[in-house]
There are 2 protein chains.
Amino acid sequence: MEVTIKEIAKLSGVGITTVSRVINNSGPVSPKTREKVMAVVREYNYIPNNSARNLKSNQSKSVALLVKSITNPFFQKMIKVIEQKVALRGYQLIIQNVTNLQNELDIAISEAKDRNLQGVIIMGGSFNYTAAKFSGLKIPCVLLTVSAGDEVSLESYSSVRINDELEAFKAVEYLISMGHRRIGFIMNAPVDEMTPNSLRYRGYIRALEQYNVPFDSSLVASEFSSLSGYDFGFKMMKQLLAQNKDVTAVFAFADIVAIGAAKAILSSGLKIPENISIIGFDGIEEAEFYHPSIDTISQPAEQMALSSVELLFDMLQGGETRHMVFESSLLKRGSCAAIHK
Amino acid sequence: MEVTIKEIAKLSGVGITTVSRVINNSGPVSPKTREKVMAVVREYNYIPNNSARNLKSNQSKSVALLVKSITNPFFQKMIKVIEQKVALRGYQLIIQNVTNLQNELDIAISEAKDRNLQGVIIMGGSFNYTAAKFSGLKIPCVLLTVSAGDEVSLESYSSVRINDELEAFKAVEYLISMGHRRIGFIMNAPVDEMTPNSLRYRGYIRALEQYNVPFDSSLVASEFSSLSGYDFGFKMMKQLLAQNKDVTAVFAFADIVAIGAAKAILSSGLKIPENISIIGFDGIEEAEFYHPSIDTISQPAEQMALSSVELLFDMLQGGETRHMVFESSLLKRGSCAAIHK
DNA sequence: TTGTACGCGTTATCAA
DNA sequence: TTGATAACGCGTACAA
C-alpha cells in the first residue's frame, strides 16, 4: 500500500488540510510549515491517489483522441504532436482507434462517461453528425480534419480542417493546366456519405466543369473497402488502367493511396510522369521519399494538430468554440508532367 | 451530475448492496430483484463511477504502452493490434511516446504510480536495463522487440522479440551469397548501447567474418540522430555513396531507413538492384509498395503484438513471466541481385 | 494560519 | 436473499 495524505500529515505533525494545501498550492500555509511538509512528502515519495482526487472533483484529467484509421501516416504526424501537447498540460491522453464500421461520436459518448473524460478530439471520420448526437456528448469536442455539417450548431464543437473541395480543385486544375483531360480519381468511400473524400470528389468534378473537361464516370475508381490505403490504391489503379487505356493522369484522395497507385503504374511497366502523372493529398513523408517523389496537396499537419489541442483546452477553460480552416499547399515534386502527344 | 448507485437503489426500491451485486454479478440476487434493478439501470442509463471503483479496489483497469519513436510504421502495425486486444479485455490503454532522450523504464515507473497502472508494455528501446530499475517498477512489464540484458533476472519481466543478430546475419549472408563483398550497413545508434540495432550490427559483422569478407569501417554509416528514419537513411546513404564508389549492396537496420537510402540511390541516378542491392529490416507495407519493392527481414508483427498482450495479462493473473523469440523471414522482392562485373 | 469532520460513489463485511 | 454501514484517499466547509 502506498503512503497516504493522512500518514504524511501525521509524520509531519500537521493536519490533513495543511498537507492538502501544500501539495495543491491552495490556501495559505506558512513557509515553515510548507517546508516541513514538503520534506516528508519527498522523503516518502508521496504521490496523491488519483482515483480519490477524481472521485472528489468528479473529473479525471484525461482527454481522448479518437482516430479513424490510426495507421495512416498522415494521422501519425498529428498524433505525435497531440500526444506531446496534451501531456505538457498534465493531462492523460487516451488514444483509441475507430474502425470504419464504428461511429466515432457514439464511441466518444460512451467513453466520455466511462472514463469520465474532460474532452475529446476526433480525428478523421465523416461530416455526418446529427445535432442530437452532439447533444448527447456533454464534453468539449474538437473535430480534426472534418467539421460536423450544416445541421449542427457551430457552438456545439470546435473544428480544425482545410477546405477539401478547394484544395482538390487546385490539384485537378494543376493537372488540367498541363494538358491532361483523361484524369482518373481514386477515392474510397461511397459518394453519398459526407467525408473529406467526397468533398475532394466535388473539387474534382468542379475543376472538370470549370475547364470544360468531360466527366467520365469510368475514370472514378470508388469502392467501400477495408483494405489498407496502399493496397486500395494499388487495386483501384490496376482497375483504372485496365478499363481506360487512355488515362494520362490520376488524382488520389490520399498520399498512401497515391503510393499504392504509383506502384500499380510502375509495376505495369509504365513510367511516372512520362506515361501517367499522379498527384496525392496530405503531404506525408512517404510520398516525398517515393521514387519519383509524388506531388501532393500538403496539409499543415503539425499546425493543425497543435491548434486542435489549443482549441480543446480553450473550451475546457470555458472559452468559446472556434472553427479554423487552414491552407494547404501544392507541392510539385516531379510526378506530374505536361502531356505530350 | 450523473445518476449514482444510491439513486438506482432508491428508484428500484432495494438496497445499495443489491444494486452493486446486480451490476457486478457478485453475490446472490433473486432473479426477480435482478430484473427489477436492471430495468432501472437501463432506464436511467446508469454507468458506475470508475473513480469510486478504483478508489475502493485500489486499481484502475488500465495498462500503458510506451513506444520509442511512435511514428515508425513497423510499430504502428503492432500498436493497432495491442490497442484492440487490450480494449477487448476491458482495459484502458494509455499510449505514450518516449523520445530518444528519455529512459522508458523511468517513465514507466513514474507513470505506474501516477496513473496507477496495472501493467505496462514497452515497445522498442534498448536492452540496457538495470536490475535496480526493474525492481522499482512494481507492476508486470512486457518488453516488446527487446529484452533486458543479462543482468536482469528473467523473472522480473516478460519479453517478445526476435533474434536480431541471427536475422541480420541472414540478411547479410544473402547479400554475400549473391557475390557482394562491398556491403554497406546503416544504423542509427552508437554501437556501445545495446539496442536491436547494435545486435543487427553484430550479425552484420559475424556474417562478414564467417564468409571472409573484409570488414571496412567506412562502409558502416552510423550516427546518433533525431532525424526521421527516411531522412536518416537518405543522409547516410548519400554519405556512403560519396565515400565508397565501389559499394554494391546496403543493409539498412530498418525498412524506413532502407527506403530513405533507396531514395538516395535512385535520385543519384543509380539503379536498384542493377547498381546497388538493398535490403531492409522489419517488413512494413511501405517497403512492399516502394518501387522497386524492397527486400527485407520480415518480423511477424501482429503475432508479436498479440503475444505481448497475452503475456501481460498472464502476468496480471498471477502467471509466470515468459520470454518468446519469434522467427523472421527473408522476403525477396527484387531489390537485391547478383553482382555482375 | 491551522485542524476537524464530512462526503464523493463504490465495494465488502456483517448481521438480519 | 437482503440491507445497513464502514472503509477507500482526498478536498474543503467550517470552526478554532
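To find a chain, count down the sequence lines: A is the first, B the second, and so on, and within it residues start at 1. Just so you know, these numbers use all the heavy atoms, side chains as well, and skip hydrogens, waters and symmetry mates.
- The NZ atom of A:Lys36 sits 8 Å away from the P atom of C:dT2 (whole-angstrom rounding).
- Contacts of B:Ser30 with the nucleic acid, taken as non-hydrogen atoms under 4.0 Å apart, involve only primed sugar atoms and P, OP1 or OP2.
- For the OP1/OP2 pair of D:dC10 and a distance below 4.0 Å, the side-chain nitrogens and oxygens of A:Tyr46 include at least one atom meeting the criterion.
- Side-chain contact, A:Ser156 with A:Ser153: no donor N or O sits under 3.5 Å from an acceptor N or O.
- A donor N or O paired with an acceptor N or O is found under 3.5 Å between the base of D:dT2 and the side-chain atoms of B:Arg21.
- For a distance-only test at 3.5 Å, the side chain of B:Lys56 fails to qualify as a donor-acceptor partner of the base of C:dA12.
- Between the CD1 atom of B:Ile16 and the C1' atom of D:dT2 there is a distance of 13 Å, rounded to whole Å.
- Counting to the nearest Å, the P atom of D:dC10 and the CD1 atom of A:Ile23 are 7 Å from each other.
- For the pair A:Asn49 CG and D:dA7 P, the computed distance is 18 Å after rounding to whole Å.
- If you check every strand for non-hydrogen atoms under 4.0 Å, B:Ser51 touches nothing.
- Distance NZ (A:Lys61) to P (D:dG11): 12 Å, rounded to an integer number of Å.
- Mapping B:Ser57 and A:Ala52 onto DNA chain C via the closest heavy atom, the residue that lands nearer the 5' end is A:Ala52.
- Between the side chains of B:Gln76 and A:Gln76, a donor-acceptor pair is found at a separation under 3.5 Å.
- Of the candidate nucleotides D:dT12, D:dA4, C:dT11, C:dT11 has the atom nearest to the side chain of B:Ile5.
- Closest to the side chain of B:Leu55, out of D:dT2, C:dT11, D:dG9, is D:dG9.
- Relative to the side chain of A:Arg53, the nucleotides C:dA12, C:dT11, D:dG11 differ in distance, and D:dG11 lies closest.
- Residue side chain B:Ser20 does not reach the base of C:dA12 through any donor-acceptor N/O pair under 3.5 Å, judged by distance alone.
- B:Thr33 comes within contact range of the sugar-phosphate backbone alone, with a heavy-atom separation under 4.0 Å but no base atom that close.
- Summarising the geometry, the separation between CG on B:Asn25 and C1' on C:dA12 is reported as 16 Å, rounded to the nearest angstrom.
- Between the CD atom of A:Glu7 and the C1' atom of D:dG9 there is a distance of 10 Å, rounded to whole Å.
- Atoms CG and NZ, on A:Asn72 and A:Lys77 in that order, are 10.5 Å from each other to the nearest 0.5 Å.
- Among the protein residues, B:Asn24 comes within range of the sugar-phosphate backbone only, with heavy atoms under 4.0 Å from sugar or phosphate atoms but none that close to a base.
- Ring to ring, B:Phe313 and B:Tyr91 are close: their centroids are under 6.0 angstrom apart.
- Taking atom NZ on B:Lys10 and atom P on D:dT2, their separation rounds to 20 Å, with Å as the unit.
- Between the side chain of B:Thr18 and the base of D:dT2 there is no donor-acceptor pair of N/O atoms closer than 3.5 Å.
- No salt bridge links B:Lys133 with B:Glu151; every basic N to acidic carboxylate O contact stays at or beyond 4.0 Å.
- Under 3.5 Å, the side chains of B:Tyr44 and B:Glu7 contain no donor-acceptor pair of N or O atoms.
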